[in-house]
Amino acid sequence: MDDLLTNERNVPFTPTIVNLGDTPHNRRRGGDLRAMLTPTACGATSGFMGVALVDPGDRIGEHYHPYSEEFVYVVCGALEVDLDGEPHVLRPEQGLMIPPYVRHRFRNVGDTEARLVFHLGPLAPRPELGHVDTEVTEQTEDAAS
């Protein structure tokens with residue numbers, strides 16, 4: 001069977017299925033961020049999607065996105081998110097939209113791994129402009145060395 005499909009405009013495309021286990025680890029900001037569906041991985045043009053795995057006691061360091069909204073869905077675990085310094089509880093099966101320029105950090109406050117799905121869009125003009133760190137984590141210090 002041919003994997004080539006066509007859309008309503010009869011434009012051919014090949015579906016891209018990405019396995020979490022095949023996605024590179026990114027621990028520079030804490031947690032284990034896996035950008036799965038990206039411009040590089042699947043030709044996305046409006047944003048990118050991934051999964052964050054956060055061990056008990058770990059965090060994803062504070063940052064903001066100047067060009068993108070971030071949509072978050074908590075799959076499992078006990079998380080708190082700080083939004084411009086204000087803490088909020090995030091529970092499984094809850095979603096959150098973080099507007100551009102809002103500083104945010106995620107903390108696993110439970111005793112099991114937390115998993116959250118994230119999507120950012122629109123894309124920044126260049127990848128290095130899409131993410132601004134506002135605190136240094138042990139991981140960002142290690143990456144700078």
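Basis for what follows: all heavy atoms, side chains included, without hydrogens, waters or symmetry-related copies.
Note: Leu83 CG to Glu62 CD = 10.0 Å, rounded to the nearest 0.5 Å. The CD1 atom of Ile98 sits 11.5 Å away from the CZ atom of Phe118 when rounded to the nearest 0.5 Å. Residue Leu120 holds its CG atom at 12.0 Å from OG1 of Thr38, rounded to the nearest 0.5 Å. Remark: Tyr67 OH to Arg126 CZ distance equals 8.0 Å, nearest 0.5 Å. Summarising the geometry, atom CG belonging to Leu96 is positioned 5.5 Å from atom CG belonging to Leu90; distances are rounded to the nearest 0.5 Å. Atoms CG and NE2, from Leu53 and His25 in turn, are 8.5 Å apart once rounded to the nearest 0.5 Å.
For the pair Phe106 and Leu116, the minimum side-chain heavy-atom distance is below 4.5 Å. Counting heavy atoms from C-beta on, the side chains of Asp58 and Asn108 never come closer than 4.5 Å. Looking only at side-chain heavy atoms (C-beta outward), Val74 and Arg91 stay at 4.5 Å or farther from each other. Pro100 places a side-chain heavy atom less than 4.5 Å from the side chain of Glu69. Using a 4.5 Å heavy-atom threshold, the side chains of Thr45 and Leu123 count as separate.
Residue pairs meeting the side chain to side chain donor-acceptor pair (under 3.5 Å) criterion with at least one member in residues 111-120, sequence neighbours excluded: Glu113-Arg115.
Closest heavy-atom contact between Tyr101 and Pro66: CE1-O, 3.3 Å. Taking every heavy atom of both residues into account, Val54 and Ile60 meet most closely at CG2-CD1, 3.9 Å. The two residues Gly61 and Glu135 come nearest to each other via the heavy atoms CA-OE2, 3.2 Å. Heavy atoms only, all atoms of each residue included: Ala114 and Ala78 are closest at CB-N, 4.5 Å.
Linking Ile, Leu, Val, Met, Phe, Trp and Tyr whenever their side-chain heavy atoms come within less than 4.5 Å puts Val75 and Met49 in one cluster.
Partner Asp82 forms a side chain to side chain donor-acceptor pair (under 3.5 Å) with one of His88, His104, Arg107, Arg103 and no other, that one being Arg107.
The closest side-chain donor-acceptor pair between His63 and Arg105, if any, does not fall under 3.5 angstrom.
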**Asked** Hey, mind stepping through Thr23 and Val51 against side-chain contact (heavy atoms from CB on, under 4.5 Å) and telling me if it holds?
**Response** CA-CA 10 Å; Thr23 305; Val51 176; over 6 Å; no
**Message:** Between Tyr73 and Gln94, is the side-chain contact (heavy atoms from CB on, under 4.5 Å) condition met? List the steps.
**Reply:** CA-CA 6 Å; Tyr73 177 78; Gln94 288 185 325; over 6 Å; no
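In the displayed structure, Glu128 atom CD is contacted under 6.0 Å by more than 12 heavy atoms of other residues, nucleotides or ligands.
In terms of the side chain to side chain donor-acceptor pair (under 3.5 Å) criterion, residue partners of His131 (sequence neighbours excluded) are, by chain and number, Arg29, Asp133.
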